[in-house]
Amino acid sequence: MSETDQLDAHLDENGEPTRRDFIYIATATVAAVGAASVAWPLVAQMGAANDTLAAGSIEIDLSKVEEGQQLKVLYRGKPVFVRYRTAKEIMEADTVEMNDLPDPETDDARLVANPQGALNTQYLVMIGVCTHFGCIPVGEAGDFDGWYCPCHGSHYDTSGRIRKGPAPLNMVIPEYKYLSDTIIKVG
Amino acid sequence: MSGPSTYEPKYAAERWLDKRLPIVRFGVDFMAFPSPRNLNYWYAFGGILTLCLMSQIITGIILAMHYTPDVNLAFDSVQRIRRDVQFGWLIQPMHAVGASMFFLAVYVHMFRGMYYGSYKNPRELLWIIGCLIYLVMMATGFLGYTLPWGQMSFWGATVITGFFGAIPVVGESLQQWLLGGYSVGNPTLQRFFSLHYLLPFVIVALVALHVWAVHHVGQNNPIGIDPKTKEDTLPFHPFYTMKDAFAIGVFMMIFALFVFYLPDALGHADNYQKADPLKTPPEIVPEWYFLPFYAILRAVPDKLLGVILMFAAIAILFILPWLDTAKVRSMRFRPVTRWFFIIFILAGFILGWCGARAPDDVAIPIGEGGLTFKWLSRIATFYYFAYFIPILPIMGWIEKTKPVPDSITKAVLSGDA
């Protein structure tokens, strides 16, 4: 017997793999497919359940917010901030140099048009969750008059954009649209 | 290490049993395990840790009989345990304080191993199993801290599960899969409870491997040389059972001091407020035993890099046996590296201090504006990693070590052990 034959002992006298080898491989394959199809549900059950996914959208009445106030609404377990910004805050948000922003985005790009196609620059709607590790920033605080996250010291400006600190991105604008002049639907 | 069995069954019943299931022989040989005769009290922490693990499992099983893992009921059920359940006022703090005591003991045990070079050949795997135990302990501690559903529980869970969200591409899906929703909620609490009950038994299994490994390679000792003759060793029982028992007695006094007089000293007042997803506490701080890693996380301005560095701080422990190139095990004979090690421990304490304070506050008022905690934690983080690479490998090559004694017995008799 040559050396290669010894390494591969399951060859028959014609040098072909034996039928027993075939049965071994076929059995192992069926077992592997079976194990994988049982494992998948065991892993996937940990994802969000259907009722969690279905708790989808909410409507918010903007007329309830006065100038300089902020409304906090729970949406998918996270707070949505609705802020009626003062003229000074809007001005501050508009006059920022894009080069100063770690995550450049204009203030207008963070707003959604109302039914007339214009922007209600006074209403800022965003997910009030710090993009660092998910804490809730405090309003009218920080070095940029916007929000300040007490957890690890991220500063956001009056448009909810990250300006200073460890957070990598601007606070997220949820998907929303104006149903009328004062009512929006989030989600 | 373990020599031939010395067990001789005396009675017919013992002989009958020994022939069929030599369980008594196993126990007798286990207790007669030859241990180096120069072990000091730092070697008692293995026994202390066994006690901690048993205490946590027993009190934990009892608490699970009274606890309800539901976002609306969890907080109140823990308060009910403390106020209304018979002896709940004792058992709940035993479990909560016990976690702190467990970590205190494991840190001493790890530093002991690092000082006496207990991770070196042939104990690399023993060390790695130990690191795995530490890792599972941290997971268990974190999961358990979520269960009382106070403000720190909730926000700690939010921050830590946020680490996974930092992973590029799959991060967000992974985070939702872990939480069972868009944010920390009822599904999260229920799975955390389930896993918190499971992991201690994983620790038991790993401890069994750890003890098996130490019985196979033998214990290291303060002078780090192998026992050569019978005179170099003592049977584990009664010599070290008695020494361990005394150390356990002292340890339990400290434990009892906290349980009876300072049950909340190691916790955080904010955790007596029920979890509120709309309000972040003014400052989120983890339990004290995670503070050094929290400081490393915050030392870096980049989110992903901070998470990577924090996990690297633990991962690097696993390869320690191959980073330390020295032939001599014990730091007693390494006059320079010894000081690097002492500074390493100091860096650990400094990181813990930084983790507990706000990053922009002034730690040391020197220079213009003072040294902030952020910069102090950067310096300490740098040293933490520098100790492993390059200090340990380089010192192993260049350091001139002191002469090592010929045998443990000689060292003991001359008073050097």
Side-chain angles (χ1 to χ4, degrees), chain A residues 40 42-58 70-81 102-103 127-139 141-143 147-155 162-169 172 174-175 186-187, chain B residues 71 151 154-166 168 172-188 190-191 194-195 275-286 294-295 297-307 355 358-361 372-374:
Chain A
W40 176 247
L42 299 182
V43 172
Q45 54 78 25
M46 276 179 65
N50 286 341
D51 58 343
T52 311
L53 293 169
S57 59
I58 48 159
Q70 174 179 294
L71 197 67
K72 241 190 221 180
V73 189
L74 201 62
Y75 163 71
R76 294 184 175 178
K78 293 172 189 166
V80 168
F81 288 172
D103 180 17
I127 306 262
V129 170
C130 179
T131 55
H132 189 224
F133 288 122
C135 298
I136 296 173
V138 182
D143 295 353
W147 287 264
Y148 171 73
C149 181
C151 297
H152 305 102
S154 293
H155 299 255
I162 180 66
R163 299 297 292 273
K164 189 177 150 193
L169 299 170
V172 175
E175 206 178 293
V186 183
Chain B
V71 288
Q151 275 288 65
F154 181 89
W155 289 101
T158 300
V159 170
I160 291 181
T161 52
F163 296 163
F164 296 93
E172 206 181 315
S173 328
L174 180 67
Q175 193 185 348
Q176 282 196 10
W177 178 75
L178 287 169
L179 296 175
Y182 303 106
S183 54
V184 175
N186 202 51
T188 321
Q190 288 188 324
R191 68 191 53 188
S194 170
L195 295 173
D276 181 357
L278 287 179
K279 190 169 156 280
T280 308
E283 206 187 336
I284 298 183
V285 274
Y294 193 59
L297 171 80
R298 295 198 299 185
V300 191
D302 183 76
K303 176 173 164 177
L304 181 61
L305 200 64
V307 173
D360 293 327
D361 284 358
T372 59
F373 282 103
K374 192 196 291 169

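Residue numbers start from 1 in every chain, and the chains themselves are labelled A, B, ... in the order their sequence lines are given, proteins ahead of strands.
Annotation: the span from Ser183(B) atom OG to Ile127(A) atom CD1 amounts to 10.0 Å, rounded to 0.5 Å. Taking NZ of Lys78(A) as the reference point, atom CG of Leu278(B) lies at 13.0 Å (rounded to 0.5 Å). In this structure, CZ in Arg191(B) is found 6.5 Å from CD in Gln45(A), a value given to the nearest 0.5 Å. To the nearest 0.5 angstrom, Thr52(A) atom OG1 is 9.0 Å from Asn186(B) atom CG.
Residue Tyr294(B) touches chain A through its side chain alone, counting heavy-atom pairs closer than 4.5 Å. For Lys279(B), the part sitting under 4.5 Å from any heavy atom of chain A is the backbone (N, CA, C, O) and nothing else. Interface residue Pro277(B): backbone and side-chain heavy atoms are both found under 4.5 Å from chain A. Both the backbone and the side chain of Pro79(A) have a heavy atom closer than 4.5 Å to some heavy atom of chain B. When heavy atoms are compared at a cutoff of 4.5 Å, Val43(A) approaches chain B by way of both its backbone and its side chain. There is no contact between Leu304(B) and chain A, counting heavy-atom distances below 4.5 Å. With a 4.5 Å cut-off on non-hydrogen atoms, Val307(B) touches chain A through its side chain but not through its backbone.
For chain A, the option among Thr280(B), Ile284(B), Thr158(B), Asp302(B) with the highest count of heavy-atom pairs below 4.5 Å is Thr280(B). Ranking Ala44(A), Gly128(A), Gly77(A) against chain B, the residue ahead of the rest is Gly77(A), based on heavy-atom pairs under 4.5 Å.
Contact record, Ile136(A) with Trp155(B): CD1-CH2, 3.3 Å, taken as the closest heavy-atom pair.
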* Run the numbers on Val159(B) and Cys135(A) for side-chain contact (heavy atoms from CB on, under 4.5 Å), then give the verdict. => CA-CA 7 Å; Val159(B) 170; Cys135(A) 298; 3.9 Å; yes
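Residues satisfying the ring pair (Phe, Tyr, Trp, His ring centres under 6.0 Å) criterion with Phe164(B), sequence neighbours excluded, are absent altogether. Listed by chain and residue number, nothing satisfies the ring pair (Phe, Tyr, Trp, His ring centres under 6.0 Å) test with Tyr182(B) (two or more places apart in sequence, or in another chain).
Between the side chain of Lys303(B) and the backbone N or O of Thr131(A), at least one donor-acceptor pair lies under 3.5 Å.
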